[in-house]
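Computed from heavy atoms alone, side chains included, the values below leave out hydrogens, waters and symmetry copies. Sequence lines set the chain letters: A, B, ... in the order given, protein chains first and strands last, and positions in each chain run from 1.
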2 protein chains.
Amino acid sequence: MSDLLERLRGRGWRLTSQRRVVAQVLDGDHVHLTADEVHARAALLLPEISRATVYNTLGELVSLGEVIEVSTDGRAKRYDPNAHHPHQHLVCSRCGMIRDVHPSGSPLTDLPPAERFGFTVSTVEVTYRGLCPGCTQTLSS
Amino acid sequence: MSDLLERLRGRGWRLTSQRRVVAQVLDGDHVHLTADEVHARAALLLPEISRATVYNTLGELVSLGEVIEVSTDGRAKRYDPNAHHPHQHLVCSRCGMIRDVHPSGSPLTDLPPAERFGFTVSTVEVTYRGLCPGCTQTLSS
DNA sequence: CTGTATGCAAATCTTTTGCAGACCC
DNA sequence: GGGTCTGCAAAAGATTTGCATACAG
């Protein structure tokens, strides 16, 4: 059922009911929830789960590399469990909505060593910002 | 002296002493200050300037396209006045430090219309994340 | 058992807002 | 002079923290 849970189990992650529901809620494609949304959905399955635990768990999943954190400019961060299929994001500057995109063209060139200034680069993110269809319409009417 | 101020004047921007010091503080290359840092430096030149005014002014400069806002993951956003020379950012995941980079092979392919899902795309950002030299050392020692 | 995870509430940090008074054009 | 900009202080979010208790392994 849950790929995410499966992988976590395999990595020896200590499993509690709270962690299980967080993983369940996040599992799937094109899921981009805020911490608060994760908490709300998790609470439907496990009413007593606390926000702090949701934040802790999300932070851990991000550290483990199982979930990607997407900043949406001022608004709350969103969490994307689709960490194992490289993709980029389209972010609406007005409502924060996110869509996954997989530009067919040139895959992201790594930063040449000469340009790294001593940094240890671990990820490259490409974010396309603009207005989603709904917000484009709202603003032009 | 200040290119930024020069351009703003040319655009008919209403000029007050507060706005002047904010523009002065931001002017230059490789400047990536947080709103709070801008406030602190501005306050050295004009002690009574308020945080609210700094936020207002920064927001306006971003709207005008004279300054770029860089998200640094949880930490406070940073403001980059170098908006007229396209470049990308290297961001340290630990301390939030930012460096400008200009990858030679332009990876900046526009998103093909078929991939836009009805979005009106206005900007493309590429962010390289990792650890800066200082943090790399701290963590390995 | 033992160490880690959880819940709660309060704290922190960043940014926004409302409003009366000040000041640029 | 009129409309915009400021400062202040308080509010609003989002996320983190401290600590006693509960629970997985």
Side-chain angles (χ1 to χ4, degrees), chain A residues 5 8-25 32-43 45-64 66-67 69-79 91 93-96 98, chain B residues 5 8-25 32-64 67 69-79 91 93-96 98:
Chain A
L5 209 44
L8 290 169
R9 209 189 306 271
R11 298 179 66 168
W13 200 47
R14 182 161 174 180
L15 204 45
T16 64
S17 42
Q18 290 80 350
R19 289 171 165 209
R20 188 168 12 248
V21 296
V22 169
Q24 266 170 40
V25 161
H32 306 99
L33 300 170
T34 60
D36 215 56
E37 286 167 352
V38 170
H39 175 252
R41 300 197 184 188
L45 305 171
L46 187 70
E48 67 277 23
I49 193 171
S50 78
R51 239 179 274 285
T53 297
V54 169
Y55 275 105
N56 286 342
T57 305
L58 287 173
E60 230 171 309
L61 291 174
V62 170
S63 300
L64 288 171
E66 293 291 347
V67 164
E69 203 177 65
V70 188
S71 309
T72 58
D73 247 33
R75 230 168 292 278
K77 283 176 265 184
R78 290 180 176 274
Y79 295 86
V91 179
S93 319
R94 186 149 171 278
C95 70
I98 296 181
Chain B
L5 208 45
L8 291 168
R9 211 191 303 271
R11 296 179 67 167
W13 200 47
R14 184 162 173 178
L15 205 44
T16 63
S17 41
Q18 291 81 349
R19 289 173 167 206
R20 188 169 10 249
V21 295
V22 169
Q24 265 171 39
V25 161
H32 305 100
L33 301 170
T34 61
D36 215 55
E37 286 166 352
V38 171
H39 176 250
R41 301 199 183 187
L44 294 178
L45 305 172
L46 186 70
E48 68 276 24
I49 193 171
S50 77
R51 237 178 276 284
T53 296
V54 169
Y55 275 105
N56 285 342
T57 306
L58 288 173
E60 230 170 311
L61 291 175
V62 170
S63 299
L64 287 170
V67 164
E69 204 177 64
V70 189
S71 310
T72 58
D73 249 32
R75 230 169 291 278
K77 283 176 267 186
R78 291 182 175 273
Y79 295 86
V91 179
S93 318
R94 186 151 172 278
C95 69
I98 295 181

Does anything in residues 11-22 of chain A come within less than 4.0 Å of DNA chain C? Heavy atoms only, and list the residues if so.
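The stretch gives A/R14, A/T16, A/Q18, A/R19 as the residues lying under 4.0 Å from the strand, ordered by number.
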
Write down the distance between [atom1] ([X]) and [atom2] ([N]), rounded to a whole number of angstrom.
X: B/R9; N: C/dC24; atom1: CZ; atom2: P; result: 14 Å
X: B/D36; N: C/dT12; atom1: CG; atom2: P; result: 16 Å
X: B/L58; N: D/dC5; atom1: CG; atom2: P; result: 15 Å
X: B/L46; N: C/dA22; atom1: CG; atom2: P; result: 16 Å
X: B/H39; N: C/dT16; atom1: NE2; atom2: P; result: 15 Å
X: A/E48; N: D/dA22; atom1: CD; atom2: P; result: 13 Å
X: A/K77; N: C/dC13; atom1: NZ; atom2: P; result: 15 Å
X: B/L8; N: C/dC25; atom1: CG; atom2: P; result: 13 Å

Would you please confirm or rule out a distance under 4.0 Å between OP1 or OP2 of D/dT16 and any side-chain N or O of A/Y55?
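For D/dT16, OP1/OP2 do not have a side-chain N/O of A/Y55 under 4.0 Å.
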
Who are the salt bridge (charged side-chain N to carboxylate O under 4.0 Å, His left out) partners of B/R78, not counting sequence neighbours?
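So B/R78 forms a salt bridge (charged side-chain N to carboxylate O under 4.0 Å, His left out) with B/E37.
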
Of A/N56 and B/R51, the one whose closest DNA chain C nucleotide lies more 5':
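Its nearest nucleotide lies further toward 5', so the answer is A/N56.
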
Tell me which of A/E60 and B/A35 sits closer to the 5' end of DNA chain C, going by the nucleotide each one is nearest to.
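Residue closer to the 5' terminus by nearest nucleotide: A/E60.
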
Go through the steps to decide whether B/H39 and B/T53 satisfy the test side chain to side chain contact (heavy atoms under 4.5 Å, CB included), and finish with yes or no.
CA-CA 9 Å; B/H39 176 250; B/T53 296; over 6 Å; no

According to side chain to side chain contact (heavy atoms under 4.5 Å, CB included), who are the partners of B/R19, at least two apart in sequence or on a separate chain?
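Here the qualifying residues are B/W13, B/R14, B/L15, B/T16, B/T57, B/E60.
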
Shortest non-hydrogen separation from B/V21 to B/A42 and the atoms involved
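Shortest heavy-atom contact: CG2-CB, 4.0 Å.
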
Using the side-chain hydrogen bond (donor to acceptor under 3.5 Å, both in side chains) criterion, which residues pair with A/S17? Sequence neighbours excluded.
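Listed in chain order: nothing, the list is empty.
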
Mind checking what makes side-chain hydrogen bond (donor to acceptor under 3.5 Å, both in side chains) contact with A/T34, not counting sequence neighbours?
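Once residues adjacent in sequence are excluded, A/T34 has no partner under the side-chain hydrogen bond (donor to acceptor under 3.5 Å, both in side chains) criterion.
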
To the nearest 0.5 Å, what is the distance between CD1 (A/I98) and OG (A/S71)?
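So the gap between those two atoms works out to 9.0 Å.
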
Check every atom of C/dT17, D/dT6, C/dC8 against the side chain of B/A52 and return the nucleotide holding the closest atom.
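When the side chain of B/A52 is considered, C/dT17 is the closest of C/dT17, D/dT6, C/dC8.
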
Please give the angle, rounded to 10 degrees, between the axes at the start and the end of the helix from C/dC1-D/dG25 to C/dC25-D/dG1, where five pairs define each axis.
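End-to-end axis angle for the helix from C/dC1-D/dG25 to C/dC25-D/dG1: 50°, rounded to 10°.
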
So among B/L46, B/L5, B/I49, which one has a side chain to side chain contact (heavy atoms under 4.5 Å, CB included) with B/V22?
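Testing B/V22 for a side chain to side chain contact (heavy atoms under 4.5 Å, CB included) against B/L46, B/L5, B/I49 leaves exactly one candidate, B/I49.
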
Applying side chain to side chain contact (heavy atoms under 4.5 Å, CB included), run through B/Y79 and B/L33 and close with a yes or a no.
CA-CA 5 Å; B/Y79 295 86; B/L33 301 170; 5.8 Å; no

